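Because the structure is predicted, anything quoted here is derived from the model rather than measured.
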Amino acid sequence: MTTKVAANSAAYEAIVRAGPRVKQLQQVHAHLIVTGYGRSRSLLTKLITLACSARAIAYTHLLFLSVPLPDDFLFNSVIKSTSKLRLPLHCVAYYRRMISSNVSPSNYTFTSVIKSCADLSALRIGKGVHCHAVVSGFGLDTYVQAALVTFYSKCGDMEAARQVFDRMPEKSVVAWNSLVSGFEQNGLAEDAIRVFYQMRESGFKPDSVTFVSLLSACAQTGAISLGSWVHQYIVSEGLDLNVKLGTALINLYSRCGDVGKAREVFDKMKETNVAAWTAMISAYGTHGYGKQAVDLFNKMEDDCGPIPNSVTFVAVLSACAHAGLVEEGRSVYKRMTESYRLIPGVEHHVCMVDMFGRAGFLDEAYRFIHQLDATGKATAPALWTAMLGACKMHRNYDLGVEIAKRLIALEPENPGHHVMLSNIYALSGKTDEVSHIRDGMMRNNLRKQVGYSIIEVENKTYLFSMGDESHQETGEIYRYLETLISRCKEIGYAPVSEEVMHQVEEEEKEFALRYHSEKLAVAFGLLKTVDVAITVVKNLRICEDCHSAFKYISIVSNRHIIVRDKLRFHHFQNGSCSCLDYW
DNA sequence: TTAGGGTTAG
């Protein structure tokens, strides 16, 4: 008996030594069969788990089938492994097999299966698993419930996520984190921040995972005061600045307008990976510092940094597109396909079309799309949207109208395409067509999004919308804005009115423009602060007139004005913008 | 053996 146990443990050790490597595992398996241990349940379970970790799913299943009457431990092992390895369909398949084999699931089973349903965003299947967990008596298990919060969040159902969370008899830091992350991932940054405060009030101590989500939420809304508080807290508590936390901080500072600070964090990180480098490259790119973005990318290659992935290439190509670095962009695209053997996706194609288009090479952009046509990849609306942007920018109205009509045929529900067509008609002076499009939009209930701008002053957040009069100091803000605008006019500012509101009178037009939300926020910021840079976050893209006005305002107020729009940053200083009017 | 995290175009 003693020798059997010894031999068994030697076999176990041999399996562990083989590790998640198929060839080695197969050798050990052969040895097990020869020595008579090929039917040992515990050894096979370990072997199966490792085969699964090696992602050898066919081999895993073959081994699994060799076990007569699999028990709950074996089922849980494969369910957990497939879930962890992001093989969610296999995970759900093993779960179903477990049920049909009449083997009882446990809380271990449910947490893994629910996680896989979350990966699949399979709301219907996951709800079924949720019900099964409840009737099996695991509905109140802490682990199962935390997994459910994540599951509903990933399916976009925050109401259900909140409900599961609220009904938890005992909450955990992980469950709180799931909820914070859920709101943040669904674009509900304010709710994420609110939950974070509730978490602290309930006496839970946030950890680095909480802060990663919280920092992302701060980056989303531009809440720099809370964001930098978190940074200080991390430092003062001596929390380890791991890669994810560092990356979240880079993203925070970048999206709150401070690229220098983002770079400081990047330089201080002990460990970096492809996401951290990509975040930093993207920071340079969105702020219009194309050269720095390309330099950092080159450094990544030269200094044996992490291997760039397709996300990195989107960041670099987009940086080139926005800085007019056509030759650099071409070279990067070539390296991506030839040196790294990455297959470009629609997002990379869009960057290329955008890059050629912005630089005025409309023919080349068009040719690029047609080359894709041959491979059947030219149908993506995003490609034509980029091409359309170029037509508008370079005043090629005929081609613009043709493309806009094509886009409307492809996506009639997208108000953006109608607005674009209307703007092109407006720019080419076809006012009848403008009214026609606008009427059509009204009839079909297609509305433009409501724009708003946010500014933080002394740790408080103020929100402005167009023509806003809700603010306590409305009168003062408007009067100050009037003064600013008239001083701007004295040095050459002429309101741009061609794009907007062609049906109204000239004066009204100018009046409406002057009170765009970003103008109100900027005026408020200048009024309330002295000598510092002000940062405004807008939910839509900045309009041409505000862009022009802020250049002049940066002169008359002698201030650095930073505006983050839906996609990019604009640093206005001494009469010019960092985007070089190239956005 | 169990649950939670960072990077991407327009």
Side-chain angles (χ1 to χ4, degrees), chain A residues 45-46 49 72-81 83-84 106-115 118 138 141-151 153-154 168 171-182 184-185 206-216 219 242-252 254 269 272-283 285-286 306 308-319 321-322 345-355 357 380-390 414 416 420 541 566-568 583:
Chain A
T45 302
K46 188 68 192 168
T49 312
D72 59 339
F73 194 84
L74 176 56
F75 268 115
N76 284 340
S77 295
V78 277
I79 286 172
K80 191 195 117 199
S81 299
S83 161
K84 222 175 169 181
S106 66
N107 51 350
Y108 292 102
T109 322
F110 289 117
T111 45
S112 296
V113 179
I114 291 165
K115 184 181 151 67
F138 297 106
D141 180 89
T142 322
Y143 291 88
V144 172
Q145 285 183 315
L148 281 169
V149 172
T150 307
F151 162 71
S153 300
K154 290 209 171 150
M168 283 182 81
K171 301 180 171 40
S172 61
V173 173
V174 174
W176 279 103
N177 288 350
S178 302
L179 197 63
V180 175
S181 157
E184 186 274 313
Q185 292 285 311
D207 62 11
S208 65
V209 178
T210 324
F211 290 134
V212 171
S213 300
L214 184 64
L215 287 169
S216 299
N242 64 29
V243 205
K244 290 186 180 180
L245 205 44
T247 308
L249 279 170
I250 293 173
N251 194 35
L252 168 88
S254 161
M269 285 170 70
T272 55
N273 63 10
V274 66
W277 283 76
T278 305
M280 196 58 233
I281 291 171
S282 160
T286 42
N309 61 18
S310 66
V311 181
T312 317
F313 282 100
V314 172
V316 186
L317 292 173
S318 153
H322 285 275
V346 177
E347 59 274 38
H348 304 98
H349 296 145
V350 170
C351 288
M352 293 304 279
V353 172
D354 197 34
M355 181 180 83
L383 285 173
W384 293 105
T385 308
M387 186 72 212
L388 179 57
N414 187 334
M420 202 67 170
R541 296 229 67 186
K566 196 178 177 187
L567 302 172
R568 314 195 56 79
W583 85 95

Taking atom types as they are modelled, would you say the side chain of A:Asn242 forms a donor-acceptor pair with the base of B:dG6 within the 3.5 Å cutoff?
no
Is a donor from one side chain sitting under 3.5 angstrom from an acceptor on the other, for A:Thr210 and A:Trp176?
no
Quickly work out the A:His322 NE2 to B:dA9 C1' distance and round it to whole Å.
8 Å
Quick one: A:Lys46 NZ to B:dT1 C1', roughly how many Å, whole number?
9 Å
A:Ser106 near the nucleic acid: base, sugar-phosphate alone, or nothing, with a heavy-atom cut-off under 4.0 Å?
nothing
Within less than 4.0 Å of OP1 or OP2 of B:dG10, is there a side-chain N or O belonging to A:Thr385?
no
Rounded to whole Å, CD of A:Gln145 lies from P of B:dA3 at a distance of 15 Å
Measuring from the side chain of A:Ala275 (C-beta onward, heavy atoms only), which nucleotide among B:dT2, B:dT8, B:dT7 has the closest atom?
B:dT7
Any idea which of B:dT2, B:dT7, B:dA9 is nearest the A:Thr278 side chain?
B:dT7
Roughly, in whole Å, what's the span from NE2 in A:His348 to P in B:dT8?
13 Å
Output all residues satisfying side chain to side chain contact (heavy atoms under 4.5 Å, CB included) with A:Ser208, sequence neighbours left out; order by chain, then residue number.
A:Asn242, A:Leu245
Out of B:dA3, B:dA9, B:dG6, minimum distance to the side chain of A:Glu184 belongs to B:dG6
From B:dG5, B:dG10, B:dA3, pick the nucleotide closest to the side chain of A:Lys115?
B:dA3
Interatomic distance where CE belongs to A:Met352 and P belongs to B:dA9 [whole Å]:
16 Å
Heavy atoms under 4.0 Å, any strand shown: does A:Val180 hit a base, just sugar-phosphate, or nothing?
nothing
A:Asn309 CG to B:dA9 P, in whole Å, measures 13 Å
How long is the line joining CZ of A:Arg541 and P of B:dG10, in whole Å?
7 Å
Choose from B:dA3, B:dA9, B:dG10 the nucleotide whose nearest atom is closest to any side-chain atom of A:Val174.
B:dA3
When you check the phosphate oxygens OP1 and OP2 of B:dT1, does a side-chain N or O of A:Asn76 lie under 4.0 Å from one of them?
no
What's A:Lys154 touching, base or sugar-phosphate or nothing? Going by heavy atoms closer than 4.0 Å.
sugar-phosphate
When you measure from the side chain of A:Ser213, which nucleotide among B:dA9, B:dT2, B:dG5 comes out closest?
B:dG5
Under a plain distance cut-off of 3.5 Å, with no hydrogens placed, do A:Thr45 and A:Ser77 share a side-chain donor-acceptor pair?
no
Using a 4.0 Å heavy-atom cut-off, does A:Asn107 contact any base of the nucleic acid, only the sugar-phosphate backbone, or nothing at all?
base
For the side chain of A:Val350, counting heavy atoms from C-beta on, which of B:dT8, B:dG10, B:dA3 is nearest?
B:dG10
CD1 of A:Ile250 versus P of B:dG6: gap in Å, rounded?
14 Å
Under the 5.5 Å and 30° test, is A:Tyr108 stacked on the base of B:dT1?
yes
Nearest to the A:Ala147 side chain among B:dG6, B:dA9, B:dA3, which nucleotide is it?
B:dA3
Inter- and intrachain pairs under side-chain hydrogen bond (donor to acceptor under 3.5 Å, both in side chains), touching residues 243-252 of chain A, at least two apart
none
What's the closest nucleotide to the side chain of A:Thr142 if the choices are B:dT1, B:dT8, B:dA3?
B:dA3
Any donor-acceptor pair, under 3.5 Å, between the side chain of A:Ser208 and the base of B:dG5, if you only look at N and O atoms?
yes
Any idea which of B:dA3, B:dG10, B:dT7 is nearest the A:Val311 side chain?
B:dT7
Hey, does A:Ser172 reach any base, or is it just sugar-phosphate, or nothing, if we go heavy atoms under 4.0 Å?
base
Base, sugar-phosphate or nothing for A:Val243? Non-hydrogen atoms, less than 4.0 Å.
base
